[in-house]
Amino acid sequence: MNRTPSAGMDPARFVDALIENPVGVLSADLPAASTDQALFVQRLGRHGPRLVDLFLTLYKDRADARKWLKRLFTIMAESWDRRSDDLRTLDRAREADPSWFQSEKMVGGVLYVDLFSDNLANLFEHIAYFKELDLTYLHLMPIFSVPHGDSDGGYAVSSYRAVNADLGTMKELTELARVLRGEGISLVLDFVFNHTSNEHEWARRARAGDPVYQGFYHTFADRTLPDQYERHLREIFPTVRRGNFSWDAQMRRWVWTTFNSFQWDLNYANPAVFCAMAEEMLYLANAGVEVLRLDAVAFIWKEMGTTCENLSGAHDIIQAFNAVARIAAPSLLFKSEAIVHPDQVLSYVAPEECPLSYNPMLMALIWEAAATRETRLLEHAVKKRERLPEGCSWVNYLRCHDDIGWTFDDEDARQLGIDPAAHRRFLNAFYTGNHPGSFARGVPFQYNPDTGDLRVSGTLASLAGLEQALDADDPVLIQMAVRRIMMMRSIMLSVGGIPLIYIGDEWGMLNDYTYLSDPAKVSDSRWVHRSRKKWHLQRSYSDPAALEWRFFNGLKEMIGLRKNLPALRNGGMEPFWTGNPHLFAYLRQAEGQQLLIVANFSEHGQVVSRDRLSGFPRESVFFDHIGKTHHPATADLALAPYQYMWLEVKDVR
Ligand code: GLC
């Protein structure tokens with residue numbers, strides 16, 4: 001057999017060679033890629049051996065593993081055939097510049113299409129709005145067809161190929177992706193791959209009794225196995241349903257449902273599921289999606305006797321999907337959504353797994369520091385756990401569509417003399433308005449009476465004190481809330497990674513309590529921070545007396561600054577200990593530029609004593625890009641309440 005793939009070689013024969021002897025392919029000379037087919041074969045040669053290895057490891061106990069592997073290669077080849085010229089051009093550009101997403105020019109936004117513009121057709125009219133904010137990354141919350149009524153905000157997908165008819169069509173989505181790309185904005189969508197809705201075609205067939213499709217899910221005739229699994233599992237949505245399994249009356253079987261009972265967990269131990277989902281993933285990539293947010297990554301692999309979270313099988317599955325993408329849709333990038341222990345969050349981040357990841361620890365600890373006015377835990381944790389592998393980036397956010405959970409490491413807290421359980425209780429009380437003197441208006445989410453666990457819902461502005469201040473009509477409190485919000489934003493935009501704006505926060509959206517009168521939403525407090533875009537407020541963006549103006553223009557200005565400071569490109573941050581427990585500071589450095597960022601988390605003025613700055617040359621001058629002022633390195637640095645500075649260190653010798 002010819003083991004050296006040549007440009008003219010039939011991919012099917014090449015695949016046989018690859019499965020037979022991946023190492024042989026790896027050591028062979030790959031063809032110069034003069035045609036698109038040769039390029040595909042070349043990518044197969046580069047990433048195929050890894051894929052074969054992962055697949056055959058995952059499915060080592062399955063006699064039909066090779067059959068499914070071949071099916072997977074067929075899926076990739078067919079999908080590549082269908083990929084548009086535009087996207088193939090993008091593939092080449094991204095391969096030539098794999099760190100494109102690490103640029104300081106990257107700024108993201110995320111929104112619900114229905115709440116923002118009613119539907120996809122109207123969204124086209126708002127591209128100018130995204131351009132005004134200078135976004136380069138737009139995440140649309142799930143827009144595919146879902147069951148009527150409660151669909152967990154779209155996270156119960158009934159088809160990965162049909163846009164929810166209320167929102168539009170696949171054709172509009174593809175067109176939107178193309179138009180956005182032309183404007184320099186990458187389209188980001190969710191890949192809700194841990195589960196489908198119970199109305200997905202596969203689930204319907206399973207319920208009708210088809211054993212092939214029952215094998216797509218984890219189904220059980222009785223409680224024997226579920227009870228055994230249950231001993232080690234957490235509960236994610238304990239207020240809507242206890243346990244992790246739901247009885248389906250039509251199928252007359254129990255089915256694994258980590259989240260809601262209408263969200264059926266897929267069974268990735270079945271290679272047919274892997275292949276079917278790879279096909280759906282490539283379909284989305286060919287529609288022009290550039291980044292996929294991999295939803296609920298922690299839960300995709302199950303093993304008896306374990307917590308069924310963050311298992312090595314989950315990593316193998318994602319890495320195998322990643323290899324599929326590298327071969328058949330190379331520009332597709334993965335972002336992981338793992339809201340788990342910080343070390344587990346890190347475990348998903350790698351160029352060959354998810355090069356992008358949400359940064360839930362930083363998010364939670366910014367809120368923690370806002371409540372305590374102390375930055376010790378934030379500083380300590382960031383020092384230990386913020387560093388990512390080369391070629392990867394954080395996605396930094398203050399709020400998103402989900403709740404806030406206090407994901408810090410217990411040992412980090414103990415090392416600082418903080419009792420982690422008591423501290424979480426304090427934070428929950430603080431953010432749900434049960435702590436005297438708290439500025440926050442949050443709403444409890446998913447209280448678990450057995451464990452005492454609680455998370456918090458609410459918008460950035462309401463949690464940061466604006467709602468309460470406006471109700472009290474207190475100008476000083478309003479001022480503090482505004483400054484607090486701006487200060488928190490300044491960290492999101494400068495700390496390293498892609499800042500992600502939860503659309504609505506750009507103008508200071510407050511909590512919206514109307515969900516309480518909607519039966520499909522009332523039991524899920526996250527709807528308090530998922531509200532309709534109030535377009536009439538846009539008028540206020542041009543009225544300097546309006547708060548909306550301050551929020552919107554303040555953000556625009558900060559984004560503009562970020563984009564002109566090469567030190568803010570990705571490349572890590574070094575925490576800088578100021579000696580003042582109310583300040584959070586770090587150094588950013590790139591392309592010969594050095595920035596010292598300092599943020600004051602308290603409502604009182606604070607000082608960085610000059611001794612702390614002695615590491616900088618005596619002749620240095622700090623230029624604050626925010627306040628446009630100069631500060632000598634030899635003097636104390638004074639910050640007003642909630643002030644933040646982006647200080648460029650200039651050696652003026
Ligand atoms: C993710 C989503 C969340 C959803 C869950 C189940 O965590 O962010 O909104 O409820 O997955 O799909």
Side-chain angles (χ1 to χ4, degrees), residues 108 110-115 139-147 149-158 160 164 188-200 203 217 233-241 244 246 255-266 268 277 280 291-300 308-310 314 318 334-341 344-345 348 354 356-361 363-364 395 397-405 407 443 445-446 448 453 455-459 500 502-503 515 520-521 523-531:
V110 50
L111 57 85
Y112 283 96
V113 173
D114 54 340
L115 301 177
H139 176 188
L140 304 182
M141 295 299 292
I143 49 169
F144 291 104
S145 91
V146 289
D150 190 359
S151 65
D152 190 19
Y155 282 95
V157 176
S158 300
Y160 298 91
N164 179 343
V188 185
L189 287 190
D190 280 84
F191 188 40
V192 186
F193 73 134
N194 174 66
H195 45 263
T196 72
S197 89
N198 58 350
E199 294 186 8
H200 190 285
Y217 302 94
L233 303 179
R234 278 200 291 160
E235 290 175 299
I236 307 298
F237 288 162
T239 60
V240 284
R241 181 187 43 94
N244 285 270
S246 306
V255 59
W256 199 312
T257 53
T258 300
F259 297 92
N260 290 287
S261 51
F262 51 83
Q263 289 165 300
W264 288 20
D265 287 39
L266 285 162
Y268 279 97
M277 287 303 283
E280 303 310 273
V291 181
L292 279 181
R293 169 194 183 275
L294 300 195
D295 179 59
V297 290
F299 302 94
I300 58 174
C308 297
E309 286 186 45
N310 307 307
I318 300 168
F334 288 172
K335 173 175 77 162
S336 93
E337 190 252 351
I339 311 301
V340 287
H341 185 278
Q344 298 293 0
V345 172
Y348 294 92
C354 296
L356 287 175
S357 166
Y358 280 105
N359 194 350
M361 182 190 77
M363 181 277 293
V395 173
Y397 63 114
L398 297 170
R399 291 300 295 115
C400 69
H401 69 289
D402 277 333
D403 49 288
I404 301 175
T407 54
V443 183
F445 180 66
Q446 297 298 331
N448 185 330
D453 283 349
R455 283 120 71 191
V456 177
S457 295
T459 66
L500 180 58
Y502 184 56
I503 294 294
Y515 79 101
K521 297 181 175 165
S523 59
D524 187 338
S525 70
R526 290 174 299 175
W527 288 102
V528 82
H529 54 253
R530 300 172 180 173
S531 63

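What you see below is based on every heavy atom in this structure, not just the backbone, and it leaves out hydrogens, waters and symmetry mates. Ligands are counted one by one from 1 in listed order, and the atoms in each one are counted from 1 as well.
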**Q.** Partners meeting side chain to side chain donor-acceptor pair (under 3.5 Å) with Ser158 (sequence neighbours left out)
**A.** Ser197
Q. Who are the side chain to side chain donor-acceptor pair (under 3.5 Å) partners of Arg530, not counting sequence neighbours?
A. Tyr112
Q) Residues in salt bridge (Lys or Arg N to Asp or Glu O under 4.0 Å) with Arg234, at least two apart? A) Glu309
Q: Taking only heavy atoms of the protein into account, state which residues are under 4.0 angstrom from an atom of ligand 1, in chain and number order.
A: Asp152, Tyr155, His195, Phe237, Phe259, Gln263, Arg293, Asp295, Glu337, His401, Asp402, Arg526
Q. When you check the side-chain N and O atoms of Asp453 and Gln446, is any donor under 3.5 Å from an acceptor?
A. no
Q. When the ring centroid of Phe193 is compared with that of Tyr160, is the distance short of 6.0 Å?
A. no
Q.
Is it the case that the ring center of Tyr155 lies less than 6.0 angstrom away from the ring center of His401?
A. yes
